[in-house]
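Notes for the one structure printed next.
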Amino acid sequence: RKEVEQDPGPFNVPEGATVAFNCTYSNSASQSFFWYRQDCRKEPKLLMSVYSSGNEDGRFTAQLNRASQYISLLIRDSKLSDSATYLCVVIYTGGGNKLTFGTGTQLKVEL
Amino acid sequence: DAGVTQSPTHLIKTRGQHVTLRCSPISGHKSVSWYQQVLGQGPQFIFQYYEKEERGRGNFPDRFSARQFPNYSSELNVNALLLGDSALYLCASSDPGQGFLAEAFFGQGTRLTVV
């Protein structure tokens, strides 16, 4: 079983739609959680951190459920420019600053 | 300000050869990590260096090695290349002085093709 699992997609949605991505992690010693965005053939870039209380940044909302070891990302009012791969990332306690990535979920926003 | 820079951007090597990839972190960042990303997968952790010392190693064979220099730049070396080593190699720098969970900034990567 992979440490961090995501549905690879692709998710094809119309512009303006709301889309949700899920991620599960296997190590209960997981300490910190993030969503990264990666455009085609580019490097990953931090989209947002994920806090236990949930957090929002504009059209993006991240949620964490430690009991279920589950992380989510909600994108409202999708834009064409949101098309990218969204990577779920976990840092484990005692793991230094090592990032453990999921496979990534591909999003395609269409007209 | 310059971000994380990696060189070369693209590389084609033959099986059995060795390769050296280079990374310059953001100015002031003392921690450098290396990741391998094969097509269709998320990046996989290879090494982390901080203050010129190895602080973490992923599940990669001994053919993979790295080092960090006094100016905090880093090299990743891969010996006896295999076809399966074809991937995008990413370098990330961070500033632990900003806190334990300082944001990692990635370079544009080196795309290695082994033929």
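Owing to the predicted nature of the structure, the values given are computational and were not obtained by experimental measurement. Atom set for the values below is all heavy atoms of this structure, side chains included, hydrogens, waters and symmetry mates excluded. Naming convention: chains lettered A, B, ... in sequence-line order (proteins, then strands); numbering from 1 in each chain.
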Answer yes or no: is there a donor N or O on one side and an acceptor on the other, between the side chain of Ser78(A) and the main chain of Val109(A), under 3.5 Å?
no
What residues of residues 56-65 of chain B sit under 4.5 Å from chain A when you count only heavy atoms?
none
Non-hydrogen atoms of chain A under 4.5 Å away: do they reach the side chain of Tyr35(B), the backbone, both or neither?
side chain
When rounded to the nearest 0.5 Å, the distance separating CG of Leu88(B) from CD of Gln6(B) is 7.5 Å
same_hphob_cluster(Tyr72(B), Tyr49(B)) at 4.5 Å side-chain heavy-atom cutoff
no
I'd like to know if the side chain of Ser30(A) reaches the main chain of Val90(A), judged simply by a donor and an acceptor atom lying under 3.5 Å from each other, with no hydrogens or angles considered.
no
For chain A, which residues of residues 106-115 of chain B have at least one non-hydrogen atom nearer than 4.5 Å to it?
Phe106(B), Gly107(B), Gln108(B), Arg111(B)
For Tyr25(A) and Phe33(A), what are the C-alpha separation, side-chain angles and deciding distance, and is it a ring pair (Phe, Tyr, Trp, His ring centres under 6.0 Å)?
CA-CA 10 Å; Tyr25(A) 58 95; Phe33(A) 310 89; 4.9 Å; yes
Following the transitive rule for hydrophobic clusters with a side-chain heavy-atom cut-off under 4.5 Å over Ile, Leu, Val, Met, Phe, Trp and Tyr, establish whether Ile91(A) and Trp34(B) coincide in one cluster.
no
Under a 3.5 Å distance rule, please check whether Arg59(A) uses its side chain to pair with a backbone N or O of Arg76(A) as donor and acceptor.
yes
Using modelled atom types and a 3.5 Å cut-off, is there a donor and acceptor pairing between side-chain atoms of Gln36(B) and backbone atoms of Ala87(B)?
no
Part of Gln6(A) within contact of chain B (heavy atom distance under 4.5 Å)
neither
Does the Asn65(A) side chain pair with the main chain of Ser68(A), one donor and one acceptor, at a distance under 3.5 Å?
yes
Before we go on, tell me: are the rings of Phe11(A) and Phe21(A) under 6.0 Å apart, centre to centre?
yes
